[in-house]
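As structure tokens, the structure follows; a few thoughts come after it.
Since the structure is predicted, the reported quantities are computational estimates derived from the model, not experimental observations. Each chain gets a letter, A, B and so on, in the order its sequence line appears, and its residues count up from 1.
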There are 2 protein chains.
Amino acid sequence: MAGKPNSRETVLDTASKLFFKQGYHGTGLNQIIKESCCPKGSLYYYFPEGKEELALQCIDRSKRIVADKWKDVFERVPDPVRAVQRFIENMAEDAQATDFEGFIPFSFWMAVETSAISDSLRAACQSVLAEWLHIISGRLLKEGLQEQLATETAEVLLSMLEGALILAQTNRDTRHILLISKYAGLMLNEVLGRSQT
Amino acid sequence: MAGKPNSRETVLDTASKLFFKQGYHGTGLNQIIKESCCPKGSLYYYFPEGKEELALQCIDRSKRIVADKWKDVFERVPDPVRAVQRFIENMAEDAQATDFEGFIPFSFWMAVETSAISDSLRAACQSVLAEWLHIISGRLLKEGLQEQLATETAEVLLSMLEGALILAQTNRDTRHILLISKYAGLMLNEVLGRSQT
DNA sequence: CAAATTATAGTGATCGGTCTACATATTATA
DNA sequence: TATAATATGTAGACCGATCACTATAATTTG
């Protein structure tokens, strides 16, 4: 907010939105240039290695943004089960509000596409998943879960959520996401040895 | 097996493999032509409306193939919980055997990409999900589950599985899939009111 | 001035798609 | 049965458009 809406950030914003909506190959540099109003010269000035570097930075950026979201919700909501549900409900709201087009940067299907393109992109995607899993399982560890169970639970949770996002985007219906919120709550309560409410 | 390895089927095979591995935009017609050894003239003879029609048929084909797999496993394995687990374990084996490149046609991330391309492709993808869900929830209904619970359980199951496939493909590790087999079993046993083994 | 940034014109390569020519079957007619 | 006519399928040259990317000049900024 330094008065100047840094051109570089604008490009990353636009590129992220488009990449996560249309995929890597489905998004042309010309489209990014047009929608971000950033001329080609600037784009290659900021990202001299071109499209792949741009995508890589978008992926890293989404890693940080989503990680911050997880940390934030775990800080604000003391109960980890409610925190996870809050996170998921927020996703559903974002999806609804943007008509399933802007609720970047969580839906991670692009990882599969980019994993087939280059090793560096695949490594970046692996790092994203690892980071998110680390945060979630870390919170569960703090509840006293043993390490393996915490890891497994976090993985299942992330699988559910990613899968639900695919169903939700395909059907343009947030019901699939909200359903996961409910079942994730059930699963977590059970794992944490609580009685069902 | 009529002696003549129909060229049309070969194209669908190759195209499906490539589409589900690289995505729609990431797969060029020239690549399909080269790898299937089917000349462009023949391709446009079989699929006069071009790439989109080809993708549509690949999607429909995968719908049928996977639906048959579900039906088959439910016929062969009487216990629905074990049947679901068997299905998931088969996915993991296929993934391993083909080095995460051929275990088409189940991973459904391409649905998100194609959903952004045209309404007919999106409709086709919706139909695929609906069909698979119908088969799974139908089997649960036969176990005496009430309709809403059966539907919800099937949706959660499919979400888990699709999400796990994303994690597995990104990390090139079937562990994520096998983990889902375990947790799907737990969830189904609970829903069906059984004691945990 | 010098560095940082913007602005475009233009590069070869590849994209999906069209077109025509040709080869091989199958059927129709005598 | 011989052959003409039609249908089926193969083969690839070619098209304009777009792709990611480069080169270089102009402009702004410190």
Side-chain angles (χ1 to χ4, degrees), chain A residues 1-59 110 113-121 124, chain B residues 1-59 110 113-121 124:
Chain A
M1 285 299 166
K4 194 212 284 178
N6 197 334
S7 192
R8 199 190 131 98
E9 284 299 308
T10 310
V11 172
L12 281 176
D13 261 343
T14 308
S16 293
K17 197 183 72 183
L18 294 174
F19 277 145
F20 285 93
K21 178 186 168 191
Q22 306 171 339
Y24 181 85
H25 287 115
T27 304
L29 288 186
N30 292 328
Q31 190 185 9
I32 295 173
I33 285 160
K34 191 184 291 177
E35 297 200 16
S36 66
C37 299
C38 170
K40 194 171 282 192
S42 302
L43 198 151
Y44 274 93
Y45 173 76
Y46 289 119
F47 310 97
E49 296 188 37
K51 190 178 184 182
E52 191 169 322
E53 183 187 0
L54 179 57
L56 210 116
Q57 301 232 24
C58 287
I59 290 169
M110 191 186 151
E113 185 193 12
T114 51
S115 289
I117 295 171
S118 83
D119 284 340
S120 61
L121 282 173
Chain B
M1 287 298 163
K4 194 212 287 182
N6 197 336
S7 192
R8 198 190 132 98
E9 284 299 309
T10 310
V11 173
L12 281 177
D13 262 343
T14 308
S16 293
K17 197 183 71 183
L18 295 174
F19 277 146
F20 285 94
K21 178 187 168 193
Q22 306 171 340
Y24 181 85
H25 287 115
T27 305
L29 288 186
N30 292 327
Q31 191 185 8
I32 295 173
I33 285 160
K34 191 184 290 178
E35 296 200 17
S36 66
C37 300
C38 171
K40 195 168 280 195
S42 301
L43 198 153
Y44 275 91
Y45 173 78
Y46 289 119
F47 310 97
E49 296 186 35
K51 192 180 185 182
E52 191 169 321
E53 182 186 2
L54 179 57
L56 210 116
Q57 302 231 22
C58 288
I59 291 170
M110 190 187 152
E113 186 193 12
T114 50
S115 289
I117 295 170
S118 82
D119 284 341
S120 61
L121 282 174

Hey, which of Q22(A), K21(A), K17(A) is the one that makes side chain to side chain donor-acceptor pair (under 3.5 Å) with T27(A)? Q22(A)
K51(B) side-chain N/O to Y24(B) backbone N/O, donor-acceptor pair under 3.5 Å: yes
Please report the distance, rounded to the nearest Å, between CG in L29(B) and C1' in dG17(C). 8 Å
Separation of dA4(C) C1' from Y46(A) OH (nearest whole Å): 8 Å
I'd like to know whether L12(A) forms a side-chain contact (heavy atoms from CB on, under 4.5 Å) with Q57(A), so could you lay out the CA-CA distance, the side-chain angles of the two residues, the decisive distance to 0.1 Å, and finally the verdict. CA-CA 8 Å; L12(A) 281 176; Q57(A) 301 232 24; 3.9 Å; yes
Using modelled atom types and a 3.5 Å cut-off, is there a donor and acceptor pairing between side-chain atoms of E113(A) and backbone atoms of H25(A)? yes
Between H25(A) (NE2) and dT14(C) (C1'), how many Å, whole number? 12 Å
Rounded interatomic separation in angstrom, taking OH from Y24(A) and C1' from dA20(D): 9 Å
Give Y44(B) one of three labels, base, sugar-phosphate or nothing, depending on what nucleic acid heavy atoms sit under 4.0 Å from its own. base
Once you apply a heavy-atom cut-off of 4.0 Å, does G41(B) come out as touching a base, just sugar-phosphate, or nothing? base
Spacing of I33(A) atom CD1 relative to dT18(D) atom P, expressed in whole Å: 14 Å
Calculate the interatomic distance between R8(B) atom CZ and dG9(D) atom C1'; express it in whole Å. 13 Å
May I have the distance from N30(A) (atom CG) to dT8(C) (atom P), rounded to whole angstrom? 14 Å
State which of dT6(C), dT10(D), dG16(C) makes the closest approach to the side chain of K51(B). dG16(C)
Could you tell me how far apart K40(B) (NZ) and dG12(D) (P) are, to the nearest whole angstrom? 12 Å
